[in-house]
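Residue numbers run from 1 in the order of the sequence given. Values in this document were obtained by computation on a predicted structure and should not be read as measured data.
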Amino acid sequence: MSEMKLFVSDGNPHCLKVLAVAELTGVKCDICHAKRLVPFLSHPVRPVLLLPCGQHLFKANPICLYFLEVSGRDVCDLTSQWLEWEAAELQEATVVDIVLWAALYPLLSNSSFLPDKLQCVARWFEQVNALPVCQTVAQRVQQQKSLESLKRFLQKQPLPPARCRNAPLCNRAEEEDAEREMTDEEIQAAGATWSRGLADRPTPAERRHPILPQEGKRNVLITSALPYVNNVPHLGNIIGCVLSADVFARYGRLRGWNALFVCGTDEYGTATENKAREEGLSPQEICDKYHAVHASIYKWFQIDFDHFGRTTTEKQTEIAQDIFWRLYDRGFLIPDTVDQLHCENCQRFLADRFVEGICPNCRYPEARGDQCDKCGRLINAVELKDPQCKVCKRTPVVRSSAHLFLDLPKLESQLEQWLEQSMSTGNWTSNARHITRSWLRDGLKPRCITRDLRWGTPVPHPDFSGKVFYVWFDAPIGYLSITASYTDEWEKWWKNPEKVELYNFMAKDNVPFHSVVFPCSLLGAQDNYTLVSNLIATEYLNYEDTKFSKSRGVGVFGDMAKDTDIPSDVWRFYLLYLRPEGQDSAFSWADMALKNNSELLNNLGNFINRAGMFASKFFEGRVPQMELQQEDKRLLAQVGFELRQYIQLLDRVRIRDALKCILNISRHGNQYIQVNEPWKKIKGGDEDRLRAGTVTGVSVNVACLLSAMLRPYMPAVSATIREQLCAPANCADAMFQGAGSFVCTLPAGHRIGTISPLFQKLEAEQIESLKRRFGGQQDEELRTDYKHAACSTSRSRSWWLTLVLLFQGDRVRALKAQKAEKTLITAEVAKLLQLKKQLAAAEGKNPEPSPQKGKKK
């Protein structure tokens with residue numbers, strides 16, 4: 001009988017108990033240290049026991065039970081007691097202690113972890129830890145690397161999914177929405193804060209370019225993932241990257257941070273070459289065309305970049321090649337050969353989107369060379385069945401090509417140390433942490449950084465001439481080159497980690513390249529680069545109950561939003577209201593109308609308009625005298641609480657939750673006005689008129705605060721409110737300092753401007769029309785009609801062919817408008833002519849076209 005093998009991994013605390021029980025029972029087995037426990041196991045998070053029969057046991061507790069059984073211990077049948085073995089069978093105190101000791105070892109080995117009141121637990125742990133068995137196995141697992149090896153192992157493991165274990169925890173959102181009772185101390189403190197006023201605060205300085213880090217200030221560098229230049233961004237792209245980053249940048253400026261917000265179009269790669277071929281333009285012409293499209297869309301959405309650049313610049317080449325040489329000279333790049341598809345006719349390797357074929361997984365006939373759009377599986381182009389070159393439609397052959405790889409395994413330990421520091425001190429969203437840990441869990445692998453393409457940053461090494469950098473090595477360097485295009489002193493931002501905080505905004509699919517690949521490039525370059533300290537990733541935004549699709553006409557894309565006659569601020573509000581922070585969310589026309597009509601029109605807009613109108617109508621356009629009562633101070637306390645919550649949430653980039661604080665304030669304001677009825681009290685005696693004035697004065701000051709809080713979210717609406725109230729320029733600066741202070745910014749006697757409504761109702765007919773327009777349903781309905789008609793009698797055949805003919809004619813016109821490939825248009829025109837012949841035959845007419853008469857001259 002062959003000997004058992006116990007596979008363990010360095011630093012894995014789960015291995016402690018099995019090694020301890022093996023030592024205790026005297027069972028003999030060969031101990032094997034391995035990163036990958038068995039050849040077919042992809043998640044090495046548990047010890048594995050290879051039995052003499054060739055079978056494997058997974059998980060620590062069953063292995064412990066097996067050791068007890070083969071050592072002759074009295075245990076009951078494995079199959080019937082498998083899940084209850086620890087509670088029902090391991091009654092021997094030493095074994096129970098060892099199992100608990102192993103589970104707690106990573107924490108309690110640090111004697112300072114437990115508070116004084118739990119010293120009895122500490123004494124128990126010390127007694128068990130002193131056993132020779134425990135000392136032996138601890139050294140075996142740690143491999144003389146101290147407790148840090150256990151810590152690094154645990155940090156690589158993805159967090160367990162959050163579960164609602166009971167109803168109260170699941171209703172936390174409802175609890176947070178409940179009105180908070182203010183204490184007497186909070187009410188009195190709010191009154192004292194209010195009375196301070198603006199206190200002659202200086203007017204905030206205007207932004208002056210170039211913005212550079214300043215000594216003694218909080219220097220914040222903000223980037224959003226560079227959008228691909230070759231397509232038009234849809235609403236999900238906008239909220240996931242540029243809009244979220246814009247809100248945070250605007251908020252940072254309000255807080256007095258020295259913030260720089262940069263972005264630009266990612267212009268290299270196969271997608272750009274493919275788009276250029278489809279439109280009959282050069283890659284540079286495509287980049288110029290769509291860069292302008294992107295810039296126009298973001299301008300309409302009021303994205304306030306400090307600089308919006310692009311990656312097709314000399315700065316990009318210079319910086320990317322410098323990082324390349326630094327990595328090469330330090331031994332972090334390794335050569336290797338890769339099998340690729342090569343088109344003999346076009347004389348080029350077919351990267352990614354230049355080849356299509358049958359998906360080896362789901363048999364989808366139009367899978368690309370990098371991914372199948374139907375099943376979502378990542379594909380190596382050589383795996384495609386019946387591949388075709390997209391340019392000439394010929395069948396390619398497999399050839400090997402030499403490439404360079406970034407040696408991620410060699411950089412892994414540096415990466416882990418940096419991640420530990422960044423995640424512990426910075427703000428990383430939970431999905432960013434989870435995705436990063438998933439990449440680290442199985443160990444990193446070398447990643448190719450070169451491609452056989454023509455459009456890209458050239459690889460400067462003579463042995464790899466004719467190749468360009470792969471987009472995911474090259475694109476993130478665009479942050480640096482875009483900043484360098486903005487200012488020659490770009491290194492003050494990007495080579496200054498001690499004084500600069502870097503925030504990256506993106507959707508979750510971009511996380512690995514920003515948390516693993518790009519940081520490894522910069523760490524390997526060893527040039528004191530600023531690495532990300534706050535990685536903010538959203539989930540996905542879907543459209544109604546499906547995905548956005550430009551080709552199918554499904555969803556709203558950036559260039560279409562302004563044609564809906566809905567203001568950009570309303571689009572911003574709704575996208576931020578449903579920002580997919582913890583899980584995917586979906587855009588809904590009905591919900592957008594509901595939120596606009598209820599939250600914006602009836603709640604926020606109604607309060608601000610009423611407050612201003614009361615001052616304008618009843619007090620000759622001036623803020624009236626105010627004598628605060630307890631009820632007024634209670635409102636001040638509620639508003640101040642929401643302001644402080646707003647600041648705390650936005651400091652942690654909880655953008656969606658912070659927006660709810662604004663709506664809560666206007667809700668409090670509406671209730672305050674409704675209860676006090678100033679429109680009635682103004683008709684009463686002096687006391688009632690004074691009360692009406694106080695309510696009006698407090699309300700317009702709340703409206704002024706709302707204008708400041710709205711500035712990151714709805715900049716145009718914020719500016720309109722400030723203009724209507726003639727708000728001082730320094731009012732936001734006064735209220736956003738520190739934890740936040742709600743002060744009187746519009747004192748008695750302050751003159752306000754002309755008050756007008758801020759929002760308009762979205763009517764049901766308008767929304768239904770927009771839903772049909774962007775639903776992409778018309779074509780699908782026609783196809784369904786065609787199928788039903790095709791199954792009908794021969795009498796209806798001509799009607800069916802007429803519909804099909806109309807549909808095909810629309811398709812040909814659409815292809816011509818899109819400037820599609822000539823071969824594709826020719827094929828569809830041939831189908832159109834064939835349909836005309838079939839229709840003529842069905843109607844009993846001559847299918848051949850009659851000769852055309854000569855035109856008159």
### Task
Go through the steps to decide whether Arg277 and Phe354 satisfy the test side-chain contact (heavy atoms from CB on, under 4.5 Å), and finish with yes or no.
CA-CA 10 Å; Arg277 182 178 56 82; Phe354 279 101; 4.2 Å; yes
#### Entry: Whether Asp584 side chain and Tyr540 backbone form a donor-acceptor pair below 3.5 Å
yes
### Query
Looking at residues at least two apart in the chain, or sitting in another chain, which of them share a ring pair (Phe, Tyr, Trp, His ring centres under 6.0 Å) with Phe473?
Phe469
## Note on the structure
Sorted by chain and number, sequence neighbours left out, ring pair (Phe, Tyr, Trp, His ring centres under 6.0 Å) with Tyr470 holds for none
### Query
For the rings on His307 and Phe261, is their centre-to-centre separation under 6.0 Å?
no
### Task
For residues 289-306, pull every pair meeting salt bridge (Lys or Arg N to Asp or Glu O under 4.0 Å), keeping only residues two or more places apart or in separate chains.
Arg207-Asp304, Arg207-Asp306, Arg253-Asp304, Arg253-Asp306, Glu279-Lys289
### For Thr272 against Pro283, the heavy-atom pair lying closest together
CG2-O, 4.1 Å
### Message
Does any part of the side chain of Asp591, heavy atoms only, come nearer than 4.5 Å to the side chain of Tyr574, both counted from C-beta?
### Response
yes
### Message
With a 3.5 Å distance limit and no angle check, can you tell me whether Asp569 reaches the backbone of Ala716 through a side-chain donor-acceptor pair?
### Response
yes
## Note on the structure
For Ile435 and Pro512 the tightest heavy-atom approach is CG2-CG, 3.7 Å
### Task
List in chain and number order the residues that pass ring pair (Phe, Tyr, Trp, His ring centres under 6.0 Å) with Tyr646, two or more places apart in sequence or in another chain; answer none if no residue qualifies.
Phe736
### Geometric cation-pi criterion, Lys660 with Tyr577: 6.0 Å, 45°
yes
### Short side-chain to backbone donor-acceptor contact, Arg773 and Thr564, under 3.5 Å
no
### Task
Mind jotting down which residue pairs meet the salt bridge (Lys or Arg N to Asp or Glu O under 4.0 Å) criterion with at least one end in residues 511-523? Sequence neighbours excluded, please.
none
## Note on the structure
Minimal heavy-atom distance between Asn534 and Val532, with the atoms involved, is O-CG2, 3.4 Å
### Query
What are the two closest heavy atoms between Ala484 and Trp490, and how far apart are they?
CB-CD1, 3.4 Å
### Message
Strictly distance-based, threshold 3.5 Å: is any side-chain N or O of Ser422 a donor or acceptor partner for the main-chain N or O of Leu419?
### Response
no
### Task
Would you please test Val653 and Tyr503 for side-chain contact (heavy atoms from CB on, under 4.5 Å) and show each step?
CA-CA 10 Å; Val653 206; Tyr503 283 78; 4.0 Å; yes
### Verdict with reasoning, Ile647 to Arg255, per side-chain contact (heavy atoms from CB on, under 4.5 Å)
CA-CA 9 Å; Ile647 289 174; Arg255 293 277 278 154; 3.6 Å; yes
#### Entry: Residue pair Leu576 / Ile239, side-chain heavy-atom distance below 4.5 Å
yes
### Query
Who passes salt bridge (Lys or Arg N to Asp or Glu O under 4.0 Å) against Arg310, sequence neighbours left out?
Glu267, Asp288
### Message
Show every side chain to side chain donor-acceptor pair (under 3.5 Å) that has at least one partner inside residues 709-721, sequence neighbours left out.
### Response
Ser718-Arg722
### Task
Report yes if the distance between the aromatic ring centroids of Phe308 and His294 is under 6.0 Å, otherwise no.
no
### Message
Between Leu440 and Leu444, is the side-chain contact (heavy atoms from CB on, under 4.5 Å) condition met? List the steps.
### Response
CA-CA 6 Å; Leu440 291 171; Leu444 299 179; 4.1 Å; yes
### Query
Cys241 versus Phe505: any side-chain heavy-atom pair under 4.5 Å?
no
### Query
Between the side chain of Glu581 and the main-chain N/O of Arg656, is any donor-acceptor distance below 3.5 Å?
yes
### Query
Can you name the salt bridge (Lys or Arg N to Asp or Glu O under 4.0 Å) partners of Arg250, sequence neighbours left out?
Asp246
## Note on the structure
Of all heavy-atom pairs linking Thr311 and Gly478, the shortest is CG2-CA, 4.0 Å
#### Entry: Residues forming a salt bridge (Lys or Arg N to Asp or Glu O under 4.0 Å) with Lys771, sequence neighbours excluded
none
#### Entry: Short side-chain to backbone donor-acceptor contact, Asn427 and Arg652, under 3.5 Å
yes
### Summary
When rounded to the nearest 0.5 Å, the distance separating NZ of Lys467 from CD1 of Ile449 is 12.0 Å
### Query
Side-chain contact, heavy-atom cut-off 4.5 Å: Lys562 with Phe301?
no
### Query
Below 4.5 Å, heavy atoms only, C-beta onward: do Leu650 and Asp657 meet side chain to side chain?
no
#### Entry: Atom pair NZ/CG of Lys595 and Leu578 - distance to nearest 0.5 Å
8.0 Å
### Query
Would you say Ser485's side chain and Ser481's backbone share a donor-acceptor pair under 3.5 angstrom?
yes
### Task
Can you establish whether the number of heavy atoms outside Glu544 located under 6.0 Å from its atom CD is more than 12?
yes
### Flag side-chain contact, heavy atom, 4.5 Å: Leu604 against Leu710
yes
#### Entry: Set of salt bridge (Lys or Arg N to Asp or Glu O under 4.0 Å) partners for Asp474, sequence neighbours left out
none
### Pairwise side-chain contact, Cys389 with Val355, heavy-atom cut-off 4.5 Å (strictly under)
no
### Query
Can you check whether Leu663's main-chain N or O pairs, donor with acceptor, with Asn603's side chain at less than 3.5 Å?
yes
### Task
Starting at CZ of Arg441, measure out to NE2 of His434 and round the result to the nearest 0.5 Å.
7.0 Å
### Query
Quick one: CD1 on Ile303 to SG on Cys263, what's the gap to the nearest 0.5 Å?
9.5 Å
#### Entry: Residue list, ring pair (Phe, Tyr, Trp, His ring centres under 6.0 Å) with Phe518, at least two apart or on another chain
none
Quick one: side chains of residues 220-231, donor-acceptor pairs under 3.5 Å with protein atoms, not counting sequence neighbours, listed by atom name and distance.
from   : atom 1 : to     : atom 2 : distance (Å)
Thr223 : OG1    : Asn504 : ND2    : 2.6

## Note on the structure
Value for OG1 (Thr436) from CG (Asn431), rounded to nearest 0.5 Å, stands at 9.0 Å
### Task
Using distance alone, with no hydrogens and no angle criterion, decide if Ser244 and Arg579 have a side-chain donor and acceptor under 3.5 Å apart.
yes
### Query
Taking the side chain from Gln284 and the backbone from Thr312, do they hold a donor-acceptor pair closer than 3.5 Å?
no
### Task
Mind running side chain to side chain donor-acceptor pair (under 3.5 Å) on Ser533 and Glu501 for me, showing each step along the way?
CA-CA 6 Å; Ser533 47; Glu501 299 174 58; 5.4 Å; no
### Query
Minimum heavy-atom separation for Thr457 to Ala320, with atom names?
CG2-CB, 4.1 Å
### Summary
Taken to the nearest 0.5 Å, the spacing of Asn219 CG from Asn258 CG works out to 4.5 Å
### Message
Using side chain to side chain donor-acceptor pair (under 3.5 Å), reason through Tyr543 and His234 one step at a time and then give a plain yes or no.
### Response
CA-CA 10 Å; Tyr543 180 81; His234 57 64; over 6 Å; no
### Query
Quick one: are Leu502 and Trp493 in side-chain contact, heavy atoms under 4.5 Å?
no
